[in-house]
Amino acid sequence: MLQPKQQVGNRERPPVLYSLVVSMKVVTRKQMQEIDQAIPLQYGISGAILMENAGIQAFLAIKEYLRQVEGVKIAVLCGSGNNGGDGFVVARHLLNHGAMVKVYLLVPEERVKGDALINLKAARQFGVPIQIITSEDELNAVTLELKHAGLIVDALLGTGASGEIKGLFASIIDTINTLDIPIVAIDIPSGLDADGSMSSEHIVQAAMTVTLGLPKLGLVIPPGINYTGRLIVANISFPQTLFSPFSPLAQESIKINLLTPKDVAAYIPHHPMDAHKGLCGKAFILAGSIGMTGAAALCSEAALRIGAGLVTLGIPESLNQIMEVKLTEVMTLPLEQTSLAAFSQQGYKKIMSFCEGMNVTAMGPGIGRDDDTGELIRRLILNLNTPMVIDADAIFALALQSDVLKRKIAPAVITPHPGEMACLLGCTVNDVLANRIDIAQQFAEEHDTTVVLKGARTIIADPSGHIWINPTGNEGMATAGCGDVLTGIISGLIAQGLSILEAARLGVFLHGLAGDIKAEEKGILSLIASDVLDGIAEAVKRIT
């Protein structure tokens with residue numbers, strides 16, 4: 001169901017996608033084409049049926065978006081392909097429900113073929129006005145009509161288009177983007193690359209996108225998320241067995257997934273009535289140094305807030321007193337330190353002994369980059385037998401020595417932001433940002449380590465090569481300390497018995513949702529990490 005519009009400053013902010021399906025697959029252009037070809041052959045469902053279903057679902061989404069369509073002027077912009085065919089179906093249903101709809105076809109009618117032609121003729125028979133535009137002069141002549149529309153439907157190009165958009169299509173995209181009129185894109189905003197690259201300068205800026213069957217990769221990662229608006233995934237009656245292990249299109253062939261509430265809600269820990277703090281899990285967190293005690297506090301408190309029964313913070317001994325004052329429910333373990341009050345290797349045996357009674361060890365938030373601290377971290381990663389969450393400066397300690405991860409004896413998850421990942425790989429931040437999915441996937445496979453690559457649409461990669469894209473979170477969370485909260489959440493979930501991957505998926509989703517909840521309350525600009533910490537409880541309530 002669509003959610004009410006939200007405002008950020010003077011512009012509309014699209015809410016998070018909340019789907020009703022579990023483990024939603026995300027497809028590339030090629031994978032979608034293979035599915036479109038397979039369904040008629042293997043299941044006997046014709047393209048005409050799928051087009052009708054697509055048009056109906058897009059119409060229903062538009063109807064809910066507008067609250068009512070009767071009497072509303074709606075312009076439907078169509079091309080010659082199946083995307084245009086979907087638009088003809090939408091126009092027919094809009095007309096039947098009282099909308100003042102008009103189709104603008106941007107190609108000569110003889111170029112419309114197949115199922116799209118069938119629906120063009122049907123729309124005309126139903127009485128939908130259809131105007132053919134084949135020149136810039138004709139486009140300029142109808143611009144005034146478009147300015148008076150209450151809604152524009154984009155059915156110009158669809159997922160098959162790639163590369164730079166030129167000519168009349170580029171002109172109309174630029175024109176409608178300048179109008180103060182909401183645009184609903186069918187399947188994908190025209191000009192947006194389905195595989196996620198920025199291949200055109202001319203992309204429809206949609207207020208809402210009704211994608212068909214499955215989300216396309218370009219819709220759920222940057223830069224596409226800036227053009228998609230609210231994303232609705234329309235059920236057009238794909239067979240339920242399509243992605244079963246026995247299907248020719250087995251799940252192994254589509255490894256990218258979009259996290260959904262149902263996907264992660266099953267992992268919410270549930271404690272028995274007679275639970276005690278030991279049963280609820282014990283987490284040890286190695287964090288903090290001079291000037292960075294806040295990271296330690298945020299991380300350890302987040303582990304408690306997500307439900308861990310006992311959380312102990314390992315802290316350089318000279319900082320212990322201030323942490324005793326700062327933290328109420330978290331216990332502390334003072335540890336040997338360097339002359340600069342950072343963790344020292346002299347604390348190695350004490351840490352190893354203490355961790356024998358722990359369910360998880362997290363390390364990295366605010367520990368600094370002292371050489372002695374780095375050597376301590378590498379020794380711990382090699383020898384700890386508890387699951388590990390490795391973040392921040394602990395990732396820096398692995399720079400150019402990532403083979404340490406390959407030789408660990410316990411499962412681990414690393415949670416880098418793009419800068420930390422670049423440092424780990426010896427490349428630039430732009431290299432990471434340009435190829436986040438492949439980089440996370442390859443690193444996870446090569447190092448037998450789950451990767452949480454943070455950023456706009458955080459990427460989770462497991463050692464088997466599967467990817468999950470998180471739809472929650474917002475730009476207000478690009479602030480100091482938010483990553484420390486995430487490390488604490490994941491650690492607290494592992495402490496309660498979740499696997500590394502389960503904790504990563506649930507933790508990332510809850511972390512982003514907590515940020516979204518607090519952004520609704522405080523606004524994007526004013527969001528800070530402690531707000532996200534405070535939002536954890538409400539996030540858990542919302543998905544349960």
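Just so you know, residue 1 is the first one in the sequence shown, and it goes up from there. Note that this is a predicted model, so its numbers are computed, not measured.
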Take Val76 and Val103 through the side-chain contact (heavy atoms from CB on, under 4.5 Å) test and state the conclusion after the steps. CA-CA 5 Å; Val76 183; Val103 167; 4.1 Å; yes
Are the side chains of [X] and [Y] in touch, meaning some heavy atoms are under 4.5 Å apart?
X      : Y      : value
Leu117 : Val112 : yes
Ile74  : Leu66  : yes
Val204 : Ile176 : yes
Ile254 : Ile35  : yes
Lys454 : Asp391 : yes
Leu217 : Ile437 : yes
Ile500 : Ile494 : yes
Thr449 : Ile390 : no

Quick one: does any side-chain atom of [X] pair with a main-chain N or O of [Y] as donor and acceptor, under 3.5 Å?
X      : Y      : answer
Thr159 : Arg29  : no
Asn177 : Ile203 : yes
Asp448 : Lys406 : no
Asn435 : Asp431 : no
Glu138 : Thr134 : yes
Ser200 : Glu164 : no
Gln31  : Thr28  : yes
Gln205 : Asn226 : yes
Asn257 : Lys25  : no
Ser171 : Gly167 : yes

[X] to [Y] - nearest heavy-atom pair and separation:
X      : Y      : result
Gly127 : Leu95  : C-CD2, 3.8 Å
Ala206 : Pro189 : CB-CG, 4.2 Å
Val429 : Pro418 : CG1-CB, 4.1 Å
Val89  : Gly55  : CG1-CA, 3.6 Å
Pro215 : Leu258 : CG-CD2, 4.4 Å
Cys482 : Val532 : SG-CG2, 3.8 Å

Identified side-chain contact (heavy atoms from CB on, under 4.5 Å) counterpart of Leu259 within the set Met24, Arg505, Arg457: Arg505
Find the distance between [atom1] ([X]) and [atom2] ([Y]) and round it off to the nearest 0.5 Å.
X      : Y      : atom1 : atom2 : result
Asn119 : Asn82  : CG    : CG    : 9.5 Å
Lys121 : Ile130 : NZ    : CD1   : 12.0 Å
Glu201 : Asp174 : CD    : CG    : 9.0 Å
Tyr227 : Leu219 : OH    : CG    : 13.5 Å
Ile236 : Ile39  : CD1   : CD1   : 6.5 Å
Ser80  : Leu156 : OG    : CG    : 10.5 Å

On the 0 to 90° scale, with breaks at 30° and 60°, tag the His447-Phe443 ring pair as parallel, tilted or perpendicular. parallel
What residue pairs, at least two apart or across chains, pass ring-ring contact (aromatic ring centres under 6.0 Å, His included) with a residue in residues 80-108? Phe59-His93, Phe59-His97
side-chain contact (heavy atoms from CB on, under 4.5 Å) between Ile467 and Val26, worked out: CA-CA 10 Å; Ile467 295 290; Val26 177; over 6 Å; no
Candidate pair Ile414 and Leu405, rule side-chain contact (heavy atoms from CB on, under 4.5 Å), full reasoning: CA-CA 10 Å; Ile414 63 169; Leu405 286 171; 4.3 Å; yes
Polar contact flag, side-chain donor to acceptor under 3.5 angstrom, Asp154-Ser190: yes
Any Lys/Arg nitrogen of Glu520 or Arg542 sitting under 4.0 Å from an Asp/Glu carboxylate oxygen of the other? yes
Would Ile439 and Arg436 satisfy side-chain contact (heavy atoms from CB on, under 4.5 Å), going step by step from the backbone distance to the final call? CA-CA 5 Å; Ile439 281 176; Arg436 295 169 70 231; 5.9 Å; no
Got a sec: does the CD of Glu70 have more than 12 other heavy atoms crowding it under 6.0 Å? no
May I ask you to check whether over 12 heavy atoms, not counting those of Glu502, lie within 6.0 Å of atom CD? yes
Please name all residues satisfying salt bridge (Lys or Arg N to Asp or Glu O under 4.0 Å) with Glu52, sequence neighbours left out, ordered by chain then number. Arg92
Please determine whether side-chain hydrogen bond (donor to acceptor under 3.5 Å, both in side chains) holds for the pair Asp462 and Ser464, giving the CA-CA distance in whole Å, both sets of side-chain angles, and the decisive distance to 0.1 Å. CA-CA 5 Å; Asp462 77 352; Ser464 69; 2.8 Å; yes
